[in-house]
Structure formats: structure tokens, C-alpha cells
Amino acid sequence: MGRDTIADIITSIRNADMDKKGTVRIASTNITENIVKILLREGFIENVRKHQEHNKYFLVSTLRHRRTNKGGYRTILKRISRPGLRIYSNYQRIPKILGGMGVVILSTSRGIMTDREARLAKIGGEILLYIW
């Protein structure tokens, strides 16, 4: 059985965010690199660098912590489509998270992109995760 790299990213970021750690180390694949680029562009991550260790590549990301009303730091990541249940949507039915404040990451025929980019390009795809 294969590994679910997207779930690994979400778990790593969520755990580091809850422990208020500054950096996260994620295994580097094409999917993880594209998702981390989107997180960097949307402002959930401050910076990313590629690190090699024993012929394996890792992405070392610096998290941007956000304060909540209760004094904590939280970035919510929720996995939608998973290996056992794939969720697809056309561009007209892509959900808006928090009225457009959150981000939906989709895997489309043109690569991994956000909900806004998919609506502009008028293409749908597999809904990977929500971030807010």
C-alpha cells in the first residue's frame, strides 16, 4: 500500500503549528512541492528551502503563526479527497471557504492550483484540501 503524502504534509504542519515550532521538514515529491508553493504564495508559510540528506530530498518550511481570539495559534488544514474516497468538482461548484477567506487546493489537468485560479481558468478537478 502506498503512502498518502498529502496527509503527511497536513499532519506535519498541524503538529508543528500546535507545538508552536518554527520549522517543518517534509519529504519532497512533486505533489508536496506544488502544495508548499501554494501555501507559501497564500501566506501560510514564510519560506521554503530544499535540503538533501543521505540522497533524499526534504522541504524545510518556516511556518507563519497566526493569533486566534483565544490567544492560541492555529492554521486549520482539512483533507477532503483521500485515497479511499475521491471528491471531484467542476469549476462552478468549487466550495468557498469562509466566504473566500480560506483556500481550496485542487488537483486539475493543468496541475495543482487554488480555487481562485481554477475558477478563472474554468477547470475543475479533485479537491485535495481546505486551509483557513
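What you see is a predicted model, and the numbers here were worked out from it, not measured in a lab.
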Salt bridge check, D8 against R3: does any charged N sit closer than 4.0 Å to a carboxylate O? yes
If you compare all heavy atoms of T75 against all heavy atoms of I131, which two are closest, and at what distance to 0.1 Å? CG2-CG2, 4.2 Å
Do L40 and I9 sit in one hydrophobic cluster, given that two such residues count as connected whenever their side-chain heavy atoms are within less than 4.5 Å of each other, even indirectly? yes
From OG1 (T32) to NZ (K37), nearest 0.5 Å: 10.0 Å
If you count every heavy atom of other residues, nucleotides or ligands that lies below 6.0 Å from I10 atom CD1, does the total exceed 12? yes
Roughly how far apart are R82 CZ and I87 CD1, rounded to 0.5 Å? 8.0 Å
Counting N and O atoms only, with roles assigned by atom type, does the side chain of R64 sit under 3.5 Å from a partner on the main chain of G43, one being a donor and the other an acceptor? yes
So if you build clusters from Ile, Leu, Val, Met, Phe, Trp, Tyr with side-chain heavy-atom gaps below 4.5 Å, do V48 and L39 land together? yes
Could you tell me whether N30 atom CG has more than 12 heavy atoms of other residues or ligands within 6.0 Å of it? no
Minimum side-chain heavy-atom gap I105-N34 below 4.5 Å: no
If every non-hydrogen atom of G125 is compared with every non-hydrogen atom of L106, which pair is closest and at what distance? O-CD2, 4.0 Å
Does I13 belong to the same Ile/Leu/Val/Met/Phe/Trp/Tyr cluster as I31, with side-chain heavy atoms less than 4.5 Å apart forming each link? yes
Step-by-step side chain to side chain contact (heavy atoms under 4.5 Å, CB included) determination, E33 to S28: CA-CA 6 Å; E33 285 183 20; S28 178; 2.7 Å; yes
Does some side-chain heavy atom of R49 sit less than 4.5 Å from a side-chain heavy atom of L59? no
Examine distances only and state if a side-chain atom of R14 and a backbone atom of A16 form a donor-acceptor pair shorter than 3.5 Å. no
L128-M113 co-clustered via ILVMFWY side chain contacts under 4.5 Å: no
d(I80 CD1, Y130 OH) to nearest 0.5 Å is 4.5 Å
Student check: side-chain heavy atoms of L120 and E117 closer than 4.5 Å: no
Start with the C-alpha distance between V36 and S61, add both sets of side-chain angles, then the distance that settles side chain to side chain contact (heavy atoms under 4.5 Å, CB included), and finish with yes or no. CA-CA 8 Å; V36 167; S61 305; 3.9 Å; yes
Please determine if K50 forms a cation-pi arrangement with Y57, meaning its NZ or CZ atom is less than 6.0 Å from the six-membered ring centre and no more than 45° off the ring axis. yes
Taking all heavy atoms of T62 and all of I45, pick out the closest pair and write down the distance. O-CG2, 3.2 Å
Between T114 and E42, does any side-chain donor sit less than 3.5 Å from a side-chain acceptor? no
Looking only at atom types and distance, does a side-chain atom of T108 sit under 3.5 Å from a main-chain N or O of A118, one as donor and one as acceptor? no
Check for me whether R119 meets the cation-pi criterion with Y91, that is, NZ or CZ under 6.0 Å from the six-membered ring centre and within 45 degrees of the ring axis. no
Distance in Å, H51 NE2 paired with T23 OG1, rounded so as to fall on 0.5 Å steps: 11.0 Å
Between R86 and S81, the two heavy atoms sitting closest are CA-OG, 3.2 Å
Within this structure, what is the CG-CG distance for the pair N47 and L63, rounded to the nearest 0.5 Å? 10.0 Å
Where do L129 and K78 land on the side chain to side chain contact (heavy atoms under 4.5 Å, CB included) test, with the steps shown first? CA-CA 5 Å; L129 56 116; K78 184 175 180 186; over 6 Å; no
Answer yes if Y88 and L85 sit in the same cluster of Ile, Leu, Val, Met, Phe, Trp and Tyr residues linked by side chain heavy atoms under 4.5 Å apart, and no otherwise. no
Those residues at least two apart in sequence (or on a different chain) that pass side-chain hydrogen bond (donor to acceptor under 3.5 Å, both in side chains) with S107 are none
Quick check on R116: does its CZ atom have over 12 non-hydrogen neighbours (other residues, nucleotides or ligands) under 6.0 Å away? yes
Student check: side-chain heavy atoms of W132 and V103 closer than 4.5 Å: no
For P95 and D115 the tightest heavy-atom approach is O-OD2, 4.0 Å
How close do V104 and I127 get, counting heavy atoms only, and between which atoms? CG1-CG2, 3.7 Å
Student check: side-chain heavy atoms of D4 and R79 closer than 4.5 Å: yes
